[in-house]
Number of protein chains: 2
Amino acid sequence: MRIGELADRLGVNPKTIRFYEARGLLPDPARLPSGYRDYGPEDESRLAFIKTAQRLGLSLDEIGEILAFKERGERPCSYVLSVLAAQLSDIDRRIGELVRLRAELVVLKDRADQLATGDACYCGIVEHAGRIGQATTR
Amino acid sequence: MRIGELADRLGVNPKTIRFYEARGLLPDPARLPSGYRDYGPEDESRLAFIKTAQRLGLSLDEIGEILAFKERGERPCSYVLSVLAAQLSDIDRRIGELVRLRAELVVLKDRADQLATGDACYCGIVEHAGRIGQATTR
DNA sequence: GTATAGCCTTCCCCTTGCTGGAAGGTCAAG
DNA sequence: CTTGACCTTCCAGCAAGGGGAAGGCTATAC
């Protein structure tokens, strides 16, 4: 199948497929006489694998590592487990950050709704936030 | 004060200050005879404003909009409020996504810990996730 | 007087994960 | 024969800066 069909099947942009190829995540595909890329089922499953891993939060570099394990005939599962564990703690950190930020935004919005609009500043809403949120983690 | 001192005071990289200048967020500063940038207190408060707004999740483009209001002598607060409201719903969406992803990762990890290691695949952990998580939002 | 260290300047390239466009080739239908 | 939908390559760019080169300024130490 040609690149457009593969892209449609998996809901990605054809450009993305070429990009993965350039990054070494997909092998150089066979070519039709016209020069068009020609993909088979194993390309489809490899691409699906990449997309699933990405949805789990793995970077393309990490996915490349995992695929390289396969090329060497090794099982990457312990590597994957360590990556997933790192993912998990990173996600917990990000959720915590977002929850803190959310609370701060709610305070700002409530305050802004009853704010006297008289003082000369860029914007009292944001400027006041500086005083509230000094201790917040970056 | 020179760029390094301004950067130290606000805990940013001097490169970041030059970058904001190139983006038009900070005005072209005065220069010392040596050609070094020379900043005053109003630059410091403007930079602090940018950093606070950024911590609230605003993009540099949005911050630029807000600063442009000020240049026109208008009060940006209603614009800021709409941006903050959008931020809030975006944050809720992202928190929901992360919580779902977290649950999925926990399932994968638990399953992987007791997984028989006999089947021929890139990695049973990730491949199994494809079957679990089909309905998950991108 | 000079060396050396620590600033500063501009410049361009690197990152992540793509996306868009330009300029051109291929192929089937009307 | 032309139109339109594909495809090819390469170049350029987004956010939000970071890294480092090559060179200029200046204060302090010797």
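Residue numbering restarts at 1 for every chain, and letters A, B, ... go by the order of the sequence lines.
- In this structure, the CD1 atom of A:Ile17 is 11 Å from the P atom of C:dT19, given to the nearest Å.
- Atom CZ in B:Arg55 sits about 18 Å away from atom C1' in D:dA16, given to the nearest Å.
- Sorted by first and then second residue, the salt bridge (Lys or Arg N to Asp or Glu O under 4.0 Å) pairs involving residues 28-41 of chain A (not counting sequence neighbours) are A:Glu21-A:Arg37.
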Treat primed atoms plus P, OP1 and OP2 as sugar-phosphate and everything else as base, then score nucleotides 4-17 of chain C 5' to 3': B for base contact with protein heavy atoms under 4.0 Å, S for sugar-phosphate contact only, - for none. ---BSBBB----SB

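- Ion pairing between a basic and an acidic side chain is recognised when a charged N comes within 4.0 Å of a carboxylate O; B:Arg46 and B:Asp43 show no such pairing.
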Checking side-chain contact (heavy atoms from CB on, under 4.5 Å) for the pair B:Leu60/B:Tyr20: CA distance, chi angles, key distance, verdict? CA-CA 9 Å; B:Leu60 294 185; B:Tyr20 289 166; 3.8 Å; yes

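- For the pair A:Ile66 and A:Phe49, the minimum side-chain heavy-atom distance is below 4.5 Å.
- Between the CG atom of A:Asn13 and the C1' atom of C:dG21 there is a distance of 13 Å, rounded to whole Å.
- Heavy-atom nearest nucleotides on DNA chain C were determined for A:Ser34 and for A:Val12, and the one closer to the 5' end corresponds to A:Val12.
- When the side-chain contact (heavy atoms from CB on, under 4.5 Å) test is applied to B:Glu44, the partners found at least two apart in sequence or on another chain are B:Met1, B:Leu6, B:Arg9, B:Leu10.
- By the criterion of side-chain heavy atoms lying less than 4.5 angstrom apart, applied directly or through intervening Ile, Leu, Val, Met, Phe, Trp or Tyr residues, A:Tyr36 is not grouped with A:Val12; the two fall into different hydrophobic clusters.
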